[in-house]
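Below is one structure, written out as structure tokens; comments come after it.
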Amino acid sequence: WRRAVSAGKAAVAIEPRLAESHCLVADGYMALARHDLAVCWYQSALRCQAPPPDYPMFVDRFYYSTYPLRQLRRFEITLG
């Protein structure tokens with residue numbers, strides 16, 4: 001999971017607008033039981049705007065709202 005966090009952070013450094021990378025980092029932190037950091041990264045995924053329409057790679061819009069919101073709700077139940 002540490003390698004997943006590192007890979008996700010590298011992807012964010014290359015293209016910070018992609019929520020998929022933010023969610024990868026958050027998922028890694030969640031697996032490592034670093035819930036505080038996971039929450040921060042899911043919140044940063046929610047702040048991502050979808051890339052421009054001419055963005056050349058596949059974008060999964062699920063990661064721009066639905067997935068991070070669902071994960072944050074789980075934390076509220078788990079940590080609340």
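No hydrogens, no waters, no symmetry mates; every other heavy atom, side chains included, goes into these values.
For A10, there are no side chain to side chain contact (heavy atoms under 4.5 Å, CB included) partners at least two apart in sequence or on another chain. Remark: R47 engages Q43, S44 in a side chain to side chain contact (heavy atoms under 4.5 Å, CB included) (not counting sequence neighbours).
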Could you walk me through whether Q71 and V39 pass the side-chain contact (heavy atoms from CB on, under 4.5 Å) check? CA-CA 8 Å; Q71 294 301 89; V39 166; over 6 Å; no
Criterion side-chain contact (heavy atoms from CB on, under 4.5 Å) on Y64 and L46, from CA distance to verdict: CA-CA 6 Å; Y64 290 81; L46 289 172; over 6 Å; no
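The backbone N or O of P16 lies less than 3.5 Å from a partner atom in the side chain of H22, making a donor-acceptor pair. Of the possible donor and acceptor atoms, none in the side chain of Q49 sits under 3.5 Å from a partner among the backbone N and O of R17.
The hydrophobic cluster around W41 extends to W1, V5, V12, V25, Y29, L32, L37, counting ILVMFWY residues whose side-chain heavy atoms fall within less than 4.5 Å of a member.
Taking OG of S21 as the reference point, atom CD of E15 lies at 8.5 Å (rounded to 0.5 Å). Rounded to the nearest 0.5 Å, atoms NE2 (H35) and SG (C40) are 13.0 Å apart. Note that OG1 of T66 is 9.5 Å distant from CG of D60, once rounded to the nearest 0.5 Å. Rounding to the nearest 0.5 angstrom, the gap separating the OG atom in S65 from the CZ atom in R70 is 10.5 Å.
Between V59 and E20 the shortest side-chain heavy-atom distance falls below 4.5 Å. A 4.5 Å side-chain heavy-atom check between Y42 and D27 finds at least one atom pair inside the cut-off.
Contact detail for A45 and A19: the closest heavy-atom pair is O-CB, 3.7 Å.
Ring geometry, F62 versus Y67: the interplanar angle falls from 30° to 60°, so the pair is classed tilted.
The salt bridge (charged side-chain N to carboxylate O under 4.0 Å, His left out) pairs that include a residue from residues 2-11 number zero, where partners must be two or more places apart or lie in different chains.
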